[in-house]
Amino acid sequence: MSSLKKLAGQTAIYGLSSILGRSINFLLIILYTEYLSTESMGSFTSIYALVGFLNIIFTYGMETSFFRFSTGKNLDPNRVYNNTQSLLILTTLGLGTGLYLLAPSLSIWMDYPGQAYLFRWTALILSFDAILAIPFAKLRLDNRPIVFATAKLLNIFMNVAFNILLIAIFPKMIAEGIIPDGFLGYRSDWGVEYILLANLFANGLIIPFVWWKAGLFRFKLEKEILKPMWDYSIPLLFMGLAGVTNELLSRFLFEYLLPENFYSGMTSREAGGVFGANFKLAILMNLVVQAFKYAAEPFFFSNSNDKDSPQLYGKVMHAFIIFCSFLMVAISVNLFWVGPLFLRNEVYESGMFIVPMLLMGYLLLGIYFNLSIWFKITDQTKYSFWITLAGAVVTLLVIFLIVPKYGYIGGSLSTILCYLVMCILCFVYGQKFYPIPYQTGKDVLYLIFAFALSYAGFFMDLGSPVLNFIGKNGLLIPFALILILLEKETLKNLKRKTS
């Protein structure tokens, strides 16, 4: 139990900082939906989907490789850090320069003629992210979650501040005649441009702090270190590419595959903005998954040599599913009042019915992360490529076949189905190569029951806000009763240990 308590404690720290920081960042949806056009929201959705895809290429699996070679290969962690960071800086210079030069062509390909500067800024954002990846990983490896959380929060606070300044404050000052239009080159007709600039400024300013806290590195490129790390990470690169295809491709392609006027009164790009805004409402589940990943990855590797680690991993999975299933229901039944708080235009609320599906998609992503530990600690990363490739194929099929006919539903289904396929494949192969005693029957039951309650609560309408709040949240009671009934032995054991 001490290991689980340690994991829970670190997850809580990462989670608190992530939820606090992202909640502040999440408030930007109010800013964007109130001050920016739906077309700008569509641009934001598609460009940041591209950023997510390219970020995998810029880091090419070296973060996980760093954890593996710093903990399980009898190597000096500082030596691994020096080599990994040195290699990433070199490759980032090459990739960043290449993307910067290709910006004019990319702007035409993505239908942003004359806006090559958007993709030059994107190249700089990706470069800053890449050279921060390993220092952030080192803070996690060194069990310094508070420093890690502080750096992340500083980055988010700066990003939010720049967004508010550029999108809300400057236009108001111009309208009131306090400053002239064109002040410091400010352009009132820009929208997504200021989202990118705010991100760029915040990422650039946080670099010195993170590098200082992680510890200065010495430039080293040692073949005996980097060659096996490279061999380990390349399958993870393809896994990451396929994985980000699963997560982001629906948002990236949505506006291009949706027929014009599919949704009355909206262009395809505007409908993409609605789709992307509702993805943001599922962010709380993503925050929990991300916080868990921050804490669990070094935890899994550090416990991999323990003979009882399979049992420990099984317990971690079970606890994760219980917590996230309950969270999914709690969010879904409260969307009727939470959604309008953040989606400041009624047009965005038209897509809110997909949020429970997106929550389930993120939950399945977290389950896959738990399941994937077997190929990381057994150095069988080649399987990661084939599993995530299968998920990518499912994603593409669903997007191309269903989005043109069913719009938002097709994009949401692609998220659920791809992660479901990946979870099944990862479970089957994992039990063959590294058996872990998961409580599969209970876990599947919780997922199905929670999903059914989520939609029952979402569509319930008792005629008044007060009755809706009471009735919808009352659906949490049967879920809690099922948990108490099926987990009574675990609860008894916990009570004995704490008494």
Side-chain angles (χ1 to χ4, degrees), residues 24-52 54-55 96 99-129 155-206 251-252 254-256 266-277 279-280 342-345 347-348:
I24 296 167
N25 213 355
F26 182 57
L27 295 176
L28 290 175
I29 295 179
I30 300 175
L31 186 73
Y32 296 160
T33 56
E34 186 162 340
Y35 286 89
L36 301 181
S37 66
T38 49
E39 184 174 354
S40 289
M41 281 297 293
S43 299
F44 166 64
T45 299
S46 59
I47 290 175
Y48 270 85
L50 176 67
V51 168
L54 292 176
N55 188 56
L99 182 60
Y100 193 92
L101 296 175
L102 287 172
S105 300
L106 195 56
S107 67
I108 295 171
W109 177 65
M110 287 188 63
D111 196 23
Y112 292 90
Q115 294 177 285
Y117 55 84
L118 293 175
F119 301 97
R120 293 193 182 103
W121 297 343
T122 298
L124 292 173
I125 290 169
L126 287 162
S127 298
F128 291 162
D129 279 345
N155 181 237
I156 289 169
F157 275 121
M158 286 191 290
N159 184 42
V160 170
F162 283 126
N163 268 280
I164 293 173
L165 177 67
L166 295 172
I167 294 174
I169 295 179
F170 271 13
K172 185 176 181 181
M173 294 175 71
I174 291 171
E176 294 176 356
I178 299 174
I179 59 173
D181 196 3
F183 176 72
L184 296 177
Y186 188 86
R187 290 180 52 172
S188 299
D189 59 324
W190 277 5
V192 69
E193 288 88 348
Y194 290 127
I195 299 176
L196 287 166
L197 281 175
N199 193 169
L200 178 61
F201 294 157
N203 283 15
L205 290 172
I206 202 65
R251 279 173 274 176
F252 179 69
F254 190 85
E255 68 173 85
Y256 303 104
M266 283 193 289
T267 66
S268 295
R269 180 160 291 173
E270 289 171 337
V274 173
F275 185 59
F279 244 100
K280 290 288 186 181
F342 298 100
L343 305 179
R344 306 295 285 184
N345 189 320
V347 69
Y348 293 106

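It should be emphasised that the depicted structure is a prediction, and the values quoted were computed from it without experimental measurement.
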Contact summary for Leu101 and Pro104, nearest pair of heavy atoms: O-CD, 3.5 Å
Show every donor-acceptor pair shorter than 3.5 Å between a side-chain atom in residues 113-125 and any protein atom, with sequence neighbours excluded, or say none if there are none.
from, atom 1, to, atom 2, distance (Å)
Gln115, NE2, Glu193, OE2, 3.1
Tyr117, OH, Glu193, OE2, 3.1
Thr122, OG1, Leu118, O, 2.8

For Gly42 against Glu255, the heavy-atom pair lying closest together: O-OE1, 3.8 Å
Any side-chain heavy-atom pair of Phe254 and Arg269 under 4.5 Å: no
Close side-chain approach of Phe162 and Leu200, heavy atoms under 4.5 Å: no
Chi angles and distances behind the side-chain contact (heavy atoms from CB on, under 4.5 Å) call for Met266, Thr38: CA-CA 9 Å; Met266 283 193 289; Thr38 49; 5.8 Å; no
Tyr194-Tyr32 aromatic ring centre distance below 6.0 Å: no
Stepwise side-chain hydrogen bond (donor to acceptor under 3.5 Å, both in side chains) check, Ser40 with Ser37: CA-CA 5 Å; Ser40 289; Ser37 66; 3.3 Å; yes
Partner set under ring-ring contact (aromatic ring centres under 6.0 Å, His included) for Tyr35, not counting sequence neighbours: none
Distance (rounded to the nearest 0.5 Å) between Leu197 CG and Asn159 CG: 11.0 Å
Trace of the side-chain contact (heavy atoms from CB on, under 4.5 Å) decision for Ile47 with Ile195: CA-CA 11 Å; Ile47 290 175; Ile195 299 176; over 6 Å; no
Contacts of Asn203 that satisfy side chain to side chain donor-acceptor pair (under 3.5 Å) - sequence neighbours left out: Asp129, Asn155, Asn199
Return all side-chain donor-acceptor pairs below 3.5 angstrom for residues 167-175, not counting sequence neighbours, or 'none' if the list is empty.
none

With sequence neighbours excluded, residues passing ring-ring contact (aromatic ring centres under 6.0 Å, His included) with Tyr48: Phe44
Residue pair Tyr186 / Ile179, side-chain heavy-atom distance below 4.5 Å: no
Residues in side chain to side chain donor-acceptor pair (under 3.5 Å) contact with Ser127, at least two apart in sequence or another chain: none
Test side-chain contact (heavy atoms from CB on, under 4.5 Å) applied to Val160 and Leu31, step by step: CA-CA 10 Å; Val160 170; Leu31 186 73; over 6 Å; no
Sequence neighbours excluded, every pair satisfying side-chain hydrogen bond (donor to acceptor under 3.5 Å, both in side chains) that has a member inside residues 100-111: none
Interatomic spacing from CD1 in Ile206 to CD1 in Ile156 - rounded to 0.5 Å: 10.0 Å
Smallest separation among heavy atoms of Gly273 and Tyr348, with atom names: O-CE2, 3.9 Å
